[in-house]
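Below is one structure, written out as structure tokens, with a few remarks after it.
Proteins get letters first, then strands, A, B, ... in listed order; numbering begins at 1 in each.
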2 protein chains.
Amino acid sequence: MPPENSAAKVLHHLKQDVLAGYFEAGQKLKMSQLKERYQVGVNPLREALSQLVVMQLVQVQDQRGYRVCPVSQAELIDIYDTRARIESLCVGLAIERGDDAWEAGIVAAAYRLQSNAALLQANGDLQAWEQLHQQFHHAIVLGCGSTELLRVRLHLYEKASRYRNLWLQHNAGHAAFDVNQMEHEQLVTAVLARDISASQALVQQHILVPSQVLQNLL
Amino acid sequence: MPPENSAAKVLHHLKQDVLAGYFEAGQKLKMSQLKERYQVGVNPLREALSQLVVMQLVQVQDQRGYRVCPVSQAELIDIYDTRARIESLCVGLAIERGDDAWEAGIVAAAYRLQSNAALLQANGDLQAWEQLHQQFHHAIVLGCGSTELLRVRLHLYEKASRYRNLWLQHNAGHAAFDVNQMEHEQLVTAVLARDISASQALVQQHILVPSQVLQNLL
DNA sequence: CTTTTTAATAATGTCGATATTTTATTACTG
DNA sequence: CAGTAATAAAATATCGACATTATTAAAAAG
């Protein structure tokens, strides 16, 4: 375990709290409040907040402190649309470049997702399901072999988190989950068959369908 | 003019200094040194450095301070490869979505670049040329209309800056500049003709050729 | 009663100081 | 003389305190 300074620790917690919605969109982030919650002084806090500003999760106004970035339908559409295109790019490259270990990783992640999905849904543990879900998609795009592209992808995934949580809650115990699961099977088949255009079409749909559901919720 | 705090001011200067190569790749960034140069205390400095860490221009090691991110041939290839794909994506969308104002903006930027290129090359003002160059390409991709995609593009452009400076210096007064200029004319023609695949092929080449030159320099 | 002005309260941004940790130097030992 | 241990020097990370600025509340004027 890497020894982290308090700025790094508070960054991690603060980021989770913003992404999970503990701090609502647009909410003011007062120093006194944050000091209390994370048990650190202002300087590590300001470092963490500065980093979240670069990640576009927090806004800063000179002499007026920090606040959580607002959400909007326009941003939702843009993020999901861009994600769909980037993910498609990653998938195409991964199919071109992926080797045996890549294929095995996909099968393993798909198995883990499928075998735990029903239980986690019954428990209502949406975050655990989302983690397995994300690991499955990550196993696919990992084959693209581009650090930069994967970083861009991760950034967009994180920026989408606040919107995705709405979708997860809305669809808890809903039929959309089963549809989602079916799409995974189709995707695995297309990817392992090295069918680039089919895989890209499937993965774009897989991302854009939740976007359309969310547009009606905002 | 927006009133900025010292962290924002020092961030701007420090970023420029890293991108321009004033601080070399891998170099240790000592606080005493930075305090002297930017005339601020450690806390605004740490905020700025924290942001540069997120931008992947600076690395941090716990209790061992900050240093400029190293450069490598592998990173160069990855950045330029990814840039080529993202730029291609932007260009395709821009051609699909661009309107009259977009076309006019491209013609204007191309004109400004072409009319100043010879003079700036003679003066050896490579940075001014690069600025016009970048404004030209930005005028094209602006038509894609996606804030997120443009942000990703800008991030990759900035990450490529340190490598690009090598290319600029290497090609000062060289024939490659004229080839580069010719590629712009072809690109304008293809874009205004709304020929997506031709435009994408041209812009990919336009980015990848310098990458191949640079691979021999590192 | 609304608007403006003034006072108070609170919050932000920066610095200097300090404890802790790393790095460099010197001394020691096999 | 190389390698290691002890010491000295330097650098980092954090806090508390203070000056500046924004926000809120109260008072005064129209």
* **Atom pair distance, as rounded to whole Å: CE in M31(B) and C1' in dT18(C)** => 16 Å
* Taking NZ, NE, NH1 and NH2 as the nitrogens, is one of them in R97(B) or D81(A) under 4.0 Å from a carboxylate oxygen of the other? -> yes
* To do: Would you kindly compare Q63(A) and G65(B) by the position of their nearest DNA chain D nucleotide and give the one closer to the 5′ end?
  => G65(B)
* Expressed in angstrom and rounded to an integer, what is the separation of R46(A) atom CZ from dA11(C) atom C1'? -> 11 Å
* Starting from C1' on dT23(C), measure out to CZ on R67(B) and report it in whole angstrom. => 12 Å
* Nucleotide dT14(D), atom P - distance to OH of Y38(A) in whole Å -> 16 Å
* To do: Could you check L29(B) against R64(A) and say which one's nearest nucleotide on DNA chain D is further toward the 5' end?
  => L29(B)
* For the residue pair E75(A) and K159(A), establish whether any side-chain heavy-atom pair is separated by less than 4.5 Å. => yes
* How close or far is atom P of dG13(C) from atom CG of L49(A), stated in whole angstroms? -> 10 Å
* Structure fact -> From NZ of K30(B) across to P of dA24(C) the rounded distance in Å is 8 Å
* Whole-Å gap separating P (dG13(C)) and CG (D62(A)) -> 6 Å
* Between P of dA11(D) and CG of L45(B), the distance in whole Å -> 14 Å
* **N-O pairing of R83(B) and E148(A) below 4.0 Å** => no
* Taking only Lys NZ, Arg NE, NH1 and NH2, and the carboxylate oxygens of Asp or Glu, determine whether D78(B) and R85(B) approach each other closer than 4.0 Å. => no
* Which part of the nucleic acid, if any, lies within reach of K28(B) when heavy atoms closer than 4.0 Å are counted: base, sugar-phosphate only, or nothing? -> sugar-phosphate
* Which nucleotide in the list dC15(D), dG13(C), dT14(D) gets nearest to the side chain of N5(B)? -> dG13(C)
